[in-house]
Amino acid sequence: EKEGYDHYMMKEIHEQPETFRRVMTGRLHEDAVTFKEFTLTDEQIQNWQHIDIVACGTAYHSGLVGKSILEETLQLPVNVEVASEFRYRNPRLDAHSLVILISQSGETADTLEALREAKQRGATTIAITNVVGSAISREADQVLYLWAGPEISVASTKAYTAMLIALYLLAFYLGDRAGRFNLADHKDLLEALAKLPDQAESLLTEAKKEEIRQHSQALIDADHLFYIGRGSDWAVAQEGALKIKEISYIHAEAYAAGELKHGTLALVTDGTPFVAIALQEKTFEKTLSNVNEVVARKGRVLCLLKEGHDKISDDLDKRIFIPDCLDMVAPILAAIPLQLLAYYTAEARGCDIDQPRNLAKSVTVE
Ligand code: F6R
């Protein structure tokens, strides 16, 4: 069933061009986004005053990226929270609330309980999930399926990127219907999504994988590593760090790049390894200056950049490029090299990639 791959994780990483297509099929059009499965009225949508995104782990990380897009298209405040925190803090919810629950399995206990709490308090609930008929899909008011196919590897890969695409589609759709984001004026965003499957293919060639495998060799003896970025690059960093922790057992910490000098820079000495994500034009120069602060203290930095954005200084010879794309969709493409980096690091360390110690695919205990 692994179709020639050594692990399900690698198989699932490779399925991403196809899962990108699947989550968009029938929903993404040249100048519109549709969700035939939704039964939301305009009145309901216009009535929302705030949004909560609630999820765990990797699904939570997808929500961090979704937040800024939903804020932009719906012009409403969006709070993103891990389900085990959200449900125990008496969240302010009412008939003006939208709560988006994200869960690959649709069975995560804390996310399910957060959904129940939200419904009880009168919020509208939308579930983004991969598993048809799962508890969360049965109980949510509206369901957006990822159609990513079964994900066997404990480390989530294709479901994560499908969640990102689903969140973008949802943000465009709701913003357009609310009359606050005219999609017909933003065809470039829709085009950028349509290009993703082919761009993902280009990140999965044997040559590209070998390049990333080589970079992983510099990490295999690390005890700790930092992933830094700003804005959505920071969200990407958090997912990158989780992936390498769970499968390679190297401690990794994701840090908002601008926060380094508020304490953490004290940890940087000769050879301290960093992965820097610098994909957003708006913060590129700022992140670069953080990278230089690390390099000045002899830290080692591997940079994730967009093709064409190679103005970064030459002494930073460790770089991985993703295809040129709109900044907004960069987190989706960035996921792939970071998944591969974690995979090859774990492989070189002899870890059990598909079944990391202490972890279960679906967390049905609270
Ligand atoms: C990490 C991972 C977990 C899950 C989390 C939520 O790779 O897979 O962090 O993302 O347990 O699971 P779901 O999405 O099924 O609710």
Side-chain angles (χ1 to χ4, degrees), residues 7-13 15-16 19 23 52-66 80-87 99-116 118 125-140 143-167 227 235-250 252 254 331 335-336 338-343 345-346 351-366:
H7 302 94
Y8 282 108
M9 183 177 176
M10 187 54 97
K11 172 176 177 267
E12 289 160 6
I13 288 172
E15 282 170 353
Q16 288 175 110
T19 55
V23 68
D52 288 282
I53 302 178
V54 182
C56 302
T58 287
Y60 164 73
H61 294 152
S62 77
L64 295 176
V65 178
V80 191
E81 206 164 341
V82 291
S84 56
E85 291 296 320
F86 180 83
R87 56 176 290 216
V99 180
I100 301 172
L101 297 304
I102 312 174
S103 175
Q104 187 285 128
S105 63
E107 302 291 347
T108 299
D110 282 319
T111 312
L112 177 60
E113 287 305 323
L115 162 65
R116 289 177 176 157
T125 55
I126 300 180
I128 298 179
T129 183
N130 196 33
V131 179
V132 177
S134 57
I136 289 173
S137 77
R138 289 196 309 269
E139 294 189 29
V143 184
L144 190 172
Y145 283 116
L146 298 172
W147 304 125
E151 193 178 60
I152 312 273
S153 165
V154 165
S156 184
T157 53
K158 62 176 180 171
Y160 167 70
T161 44
M163 285 166 188
L164 293 179
I165 295 174
L167 280 162
Y227 282 67
V236 166
Q238 292 177 64
E239 174 56 10
L242 177 61
K243 216 89 296 174
I244 208 157
K245 274 187 284 200
E246 70 176 328
I247 64 168
S248 79
Y249 313 146
I250 297 174
I336 297 174
L338 295 179
Q339 293 163 353
L340 290 168
L341 193 68
Y343 178 94
T345 307
C351 301
D352 187 350
I353 293 181
D354 284 336
Q355 289 290 336
R357 68 186 178 210
N358 310 340
L359 299 178
K361 182 65 184 163
S362 171
V363 182
T364 50
V365 290
E366 300 177 28

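Treat the numbers as computed from the prediction; the structure is a model and nothing was measured. In listed order, ligands and their atoms are each counted from 1. For the numbers below, each heavy atom of this structure counts, side chains included, while hydrogens, waters and symmetry mates do not.
With sequence neighbours excluded, the residues satisfying side-chain contact (heavy atoms from CB on, under 4.5 Å) with E107 are S105, S134, A135, S362, T364. Take A237 and apply the side-chain contact (heavy atoms from CB on, under 4.5 Å) test, not counting sequence neighbours, and it matches Y227, W234, A254, I277.
Among all non-hydrogen protein atoms, the one lying nearest atom 11 (O) of ligand 1 is V363 CG2, 4.2 Å. Among protein heavy atoms, the minimum distance from atom 8 (O) of ligand 1 is reached at V154 O, 3.2 Å. Protein heavy atom in closest approach to atom 14 (O) of ligand 1: Q104 N, 2.6 Å. Taking atom 6 (C) of ligand 1 as the reference point, the nearest protein heavy-atom neighbour is C56 O, 3.4 Å.
Between E151 and K158 there is no salt bridge, since no side-chain N of the basic residue sits under 4.0 Å from a carboxylate O of the acidic one.
When every heavy atom of I136 is checked against every heavy atom of A127, the shortest pair comes out as CG2-CB, 3.6 Å. Nearest heavy atom pair, residue A155 against residue I247, reads CB-CG2, 3.8 Å. Nearest heavy-atom pair, S103 versus T108, reported as atom, atom and distance to 0.1 Å: OG-OG1, 3.7 Å. Nearest heavy-atom pair, M9 versus Y343, reported as atom, atom and distance to 0.1 Å: SD-CD1, 4.0 Å. Looking at every heavy atom in both residues, T157 comes nearest to Q16 through O-OE1, 3.4 Å.
For ligand 1, the atoms sitting less than 4.0 Å from at least one non-hydrogen atom of E246 are 1 (C), 7 (O), numbered in the order shown with element in parentheses. Numbered from 1 in the order shown, with element, the atoms of ligand 1 that lie under 4.0 Å from a heavy atom of S156 read 7 (O), 8 (O). Close approach to A155 involves these atoms of ligand 1, each under 4.0 Å from a residue heavy atom: 7 (O). Annotation for ligand 1: atoms under 4.0 Å from non-hydrogen atoms of A59 are 10 (O), 14 (O). Listed by number with element, the atoms of ligand 1 under 4.0 angstrom from any heavy atom of S103 are 13 (P), 14 (O), 15 (O), 16 (O).
If you look at K243 next to ligand 1, the close heavy atoms, those under 4.0 Å, all belong to the side chain.
Geometrically, ligand 1 and K361 share no nitrogen or oxygen pair separated by less than 3.5 Å. At under 3.5 Å, not a single nitrogen or oxygen of I102, backbone or side chain, sits near a nitrogen or oxygen of ligand 1.
For the pair T161/Q339, a side-chain contact is recorded, criterion being any heavy-atom separation below 4.5 Å from C-beta on.
When the heavy-atom distances from atom 3 (C) of ligand 1 to L359, T108, T58 are ranked, the shortest goes to T58.
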